[in-house]
Engineer: 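First the structure, which I've put down as structure tokens, then a few questions once you've had a look.
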Amino acid sequence: YAGDVVTTTYEKAPERVIAVYQGSIETMLALGLEEHVVASYGLDNAVKEEWEDGLSKMNYHEEVFAPSKEDVMMLEPDMIFSWGSLFGEKKLGDVDQWISRGTNTYINTNTRAGGYDRTLEHEYTDILNIGKIFDVQDKAEALVKEIKAIIDKTQESTADMTEKPSVMILEPNGDEISNYGANTLGGDMVTTLGGTLANPDASTVGKEDIVAANPDVIFVVYMPYAGDDPETVKNNQLTAITEDKTLQSLDAVNNGRVVPIMLSEMYASATRTKDGVETFAKGLYP
């Protein structure tokens, strides 16, 4: 939970996995490992249609977003696969306690605490590590190869461009606007694809900061949670930028280059990393 490296040993592929949150569940589904999951929790968005049958075999608990310590102990898992936040003191507690009981843990690297950079490489490593743990390396390597192929094609296609687009990744939250900079996964995706972050060091920005930066492209982050209408959430986030009187002078607004991106495609994105990279690539180089 503190972000320190923990080493564990797998004598065999886990058979009673608890998968919590979107990326963990979808990684298991994408690798065809649903039969190894004894319980799953915490979907913000519906899984892809081709994974619906697999999800039906994962004992998904729609009524509980995240399991309690008591819930997990009753299920007697041999692995917990989730985000760092699940192992906080008020949730499942430190991983060492579980490991000492014979329950291995795997935390999405880009959710570790301690101020570490969130990177594409971490998402690749997590997918590949799950492939190793369950002995489905070929499937894991194929997933990572698909993501890298999009990046390679984009880099090759834009190699002769003398000026790459300047970018801001913004998430309007009422009066506050979050800015995804260089140390975020979204920021790493943009710079890997050749874009330049207009304000790489700020976690929040004011409207005057956005006007001063005047980026070529603005990606607007939206997140429809269970029960939300995705189009409504997306449009509300977009109009917070495109219809704000203070921001009407922006090149991105006037040139129609304000592009939506779902949070799950650029935060602890796991198998959705491919979708995020595609969204950024198309927005950067339409």
Side-chain angles (χ1 to χ4, degrees), residues 10 12-68 71-72 74-86 92 98 103-111 120 122-150 185 223-228 230 262-279:
Y10 292 83
K12 62 178 183 176
E15 297 173 354
R16 295 183 60 82
V17 180
I18 294 179
V20 187
Y21 304 142
Q22 195 89 30
S24 304
I25 292 171
E26 291 183 338
T27 298
M28 297 298 284
L29 290 169
L31 296 176
L33 299 171
E34 55 269 14
E35 301 285 356
H36 293 257
V37 178
V38 70
S40 57
Y41 305 79
L43 285 174
D44 289 315
N45 313 121
V47 301
K48 294 181 179 180
E49 189 174 341
E50 63 263 33
W51 294 339
E52 289 176 354
D53 183 58
L55 181 65
S56 70
K57 300 173 184 176
M58 290 175 66
N59 190 24
Y60 178 67
H61 290 254
E62 192 169 355
E63 71 286 356
V64 180
F65 195 70
S68 67
D71 292 334
V72 175
M74 287 177 62
L75 287 165
E76 299 182 338
D78 52 10
M79 179 184 181
I80 305 168
F81 181 22
S82 188
W83 290 6
S85 58
L86 187 68
L92 298 192
W98 293 103
T103 300
N104 263 315
T105 61
Y106 195 98
I107 290 173
N108 174 284
T109 309
N110 278 330
T111 66
L120 277 164
H122 290 329
E123 296 298 333
Y124 302 154
T125 298
D126 288 344
I127 293 170
L128 294 173
N129 279 345
I130 297 300
K132 290 175 185 176
I133 289 167
F134 291 92
D135 197 23
V136 288
Q137 291 95 324
D138 290 351
K139 289 183 179 179
E141 288 167 5
L143 285 177
V144 171
K145 188 175 180 180
E146 285 181 14
I147 301 166
K148 290 184 175 181
I150 299 166
L185 178 58
M223 187 57 179
Y225 294 98
D228 291 339
M262 193 181 297
L263 180 64
S264 58
E265 294 181 356
M266 47 157 277
Y267 179 82
S269 50
T271 58
R272 291 186 183 230
T273 301
K274 178 185 174 184
D275 302 321
V277 167
E278 285 181 332
T279 300

Engineer: Do Pro14 and His36 come within less than 4.5 Å of each other through their side chains, counting heavy atoms only?
Structural biologist: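 Heavy-atom side-chain distance check fails, nothing below 4.5 Å.
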Engineer: Once rounded to the nearest 0.5 Å, what's the spacing between atom CE of Met223 and atom CD of Glu265?
Structural biologist: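 Interatomic distance, Met223 CE to Glu265 CD, rounded to 0.5 Å: 10.0 Å.
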Engineer: Nearest heavy-atom pair of Ala30 and Leu143: which atoms, and what distance?
Structural biologist: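 Heavy-atom minimum between the residues: CB-CD1, 3.9 Å.
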Engineer: Under the rule for side-chain contact (heavy atoms from CB on, under 4.5 Å), what residues qualify as partners of Thr111, not counting sequence neighbours?
Structural biologist: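 Thr111 satisfies side-chain contact (heavy atoms from CB on, under 4.5 Å) with Trp83, Ile107, Asn108, Tyr267, Ala268 once adjacent residues are dropped.
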Engineer: Ala66 and Leu86: which non-hydrogen atoms are nearest, and at how many Å?
Structural biologist: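 So the two residues come closest at CB-CD1, 4.1 Å.
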Engineer: I'd like to check Thr103 versus Val72 (side-chain heavy atoms, cut-off strictly below 4.5 Å). Are they in contact?
Structural biologist: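 Of all side-chain heavy-atom pairs linking Val72 with Thr103, none is under 4.5 Å.
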Engineer: Any side-chain heavy-atom pair from Ser56 and Glu34 closer than 4.5 angstrom?
Structural biologist: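 When only atoms from C-beta onward are counted, Glu34 and Ser56 do not touch, as no gap falls below 4.5 Å.
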Engineer: Evaluate the side chain to side chain contact (heavy atoms under 4.5 Å, CB included) criterion for residues Phe134 and Val17: first the C-alpha distance (whole Å), next the side-chain angles of each, then the deciding distance (0.1 Å), finally the verdict.
Structural biologist: CA-CA 11 Å; Phe134 291 92; Val17 180; 3.7 Å; yes
Engineer: Nearest 0.5 Å, what's the CH2-CD1 distance between Trp98 and Ile18?
Structural biologist: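 One gets 7.5 Å once the value is rounded to the nearest 0.5 Å.
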Engineer: Are side-chain heavy atoms of Tyr10 and Asn104 found at a separation under 4.5 Å?
Structural biologist: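 They are in contact (side-chain heavy atoms under 4.5 Å apart), so the answer is yes.
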Engineer: Can you list every pair that meets salt bridge (Lys or Arg N to Asp or Glu O under 4.0 Å) and has a residue in residues 132-141, with sequence neighbours left out?
Structural biologist: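 Those involving residues 132-141 do not exist here.
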Engineer: Taking only residues two or more places apart in sequence, or in another chain, which ones meet Ser269 in a side chain to side chain donor-acceptor pair (under 3.5 Å)?
Structural biologist: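 Residues passing side chain to side chain donor-acceptor pair (under 3.5 Å) with Ser269: Thr273.
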Engineer: Please report the closest heavy-atom contact between Val37 and Met28, naming both atoms and the distance.
Structural biologist: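 Heavy atoms only, the tightest pair is CG2-CE, 3.7 Å.
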Engineer: To the nearest 0.5 Å, what is the distance between CG (Asp44) and CG (Leu263)?
Structural biologist: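 It is 8.5 Å, given to the nearest 0.5 Å.
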Engineer: Checking Glu278 side chain against Ile150 main chain: does a donor-acceptor pair fall under 3.5 Å?
Structural biologist: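 Looks like no, no N/O pair under 3.5 Å.
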Engineer: Is Trp51 close to Thr271 at the side-chain level, that is, under 4.5 Å between some pair of heavy atoms?
Structural biologist: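 Yes. Closest side-chain heavy atoms under 4.5 Å.
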Engineer: With sequence neighbours left out, which residue pairs that include part of residues 20-29 fulfil the salt bridge (Lys or Arg N to Asp or Glu O under 4.0 Å) condition?
Structural biologist: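 Listed once each, the pairs are Glu26-Arg272.
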Engineer: How would you list, by chain and number, every residue that makes a side chain to side chain donor-acceptor pair (under 3.5 Å) with His122, sequence neighbours excluded?
Structural biologist: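 Residues passing side chain to side chain donor-acceptor pair (under 3.5 Å) with His122: none at all.
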Engineer: Around atom CD of Glu49, are there more than 12 heavy atoms from other residues, nucleotides or ligands closer than 6.0 Å?
Structural biologist: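 No, not enclosed.
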Engineer: Can Leu128 and Gln137 be said to form a side chain to side chain contact (heavy atoms under 4.5 Å, CB included), step by step?
Structural biologist: CA-CA 7 Å; Leu128 294 173; Gln137 291 95 324; over 6 Å; no
Engineer: Do the two ring centres, one from Tyr21 and one from Phe65, sit under 6.0 Å apart?
Structural biologist: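 Yes.
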Engineer: For Ser40 and Met58, which heavy atoms make the closest approach, and how far apart are they?
Structural biologist: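 Looking at all heavy atoms of both residues, the shortest contact is OG-O, 3.1 Å.
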Engineer: To the nearest 0.5 Å, what is the distance between CE (Met266) and CG (Asp275)?
Structural biologist: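 That separation rounds to 13.5 Å.
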Engineer: Show the nearest heavy-atom pair for residues Arg16 and Leu75, with the distance to one decimal.
Structural biologist: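 Heavy atoms of Arg16 and Leu75 come nearest at NH2-O, 2.6 Å.
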Engineer: Considering residues at least two apart in sequence or located in another chain, which fulfil the ring-ring contact (aromatic ring centres under 6.0 Å, His included) criterion with Tyr41?
Structural biologist: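 Residues passing ring-ring contact (aromatic ring centres under 6.0 Å, His included) with Tyr41: His61.
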Engineer: Begin from the C-alpha positions of Thr109 and Thr125 and carry the test side chain to side chain contact (heavy atoms under 4.5 Å, CB included) through to its verdict.
Structural biologist: CA-CA 8 Å; Thr109 309; Thr125 298; 5.5 Å; no
Engineer: Between Asn129 (side chain only) and Asp126 (backbone N and O only), is there a donor and an acceptor less than 3.5 Å apart?
Structural biologist: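 No, the answer is negative, given that no donor and acceptor are paired below the 3.5 Å cut-off.
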Engineer: Quick one: OH on Tyr60 to CD1 on Ile25, what's the gap to the nearest 0.5 Å?
Structural biologist: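 One gets 5.5 Å once the value is rounded to the nearest 0.5 Å.
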Engineer: So which heavy atom on Glu15 is nearest to which on Asp78, and how close?
Structural biologist: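 Reported closest heavy-atom pair: N-OD2, 2.7 Å.
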Engineer: For the OG1 atom of Thr105 and the CE atom of Met79, what is their distance to the nearest 0.5 Å?
Structural biologist: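 Answer rounded to 0.5 Å: 8.0 Å.
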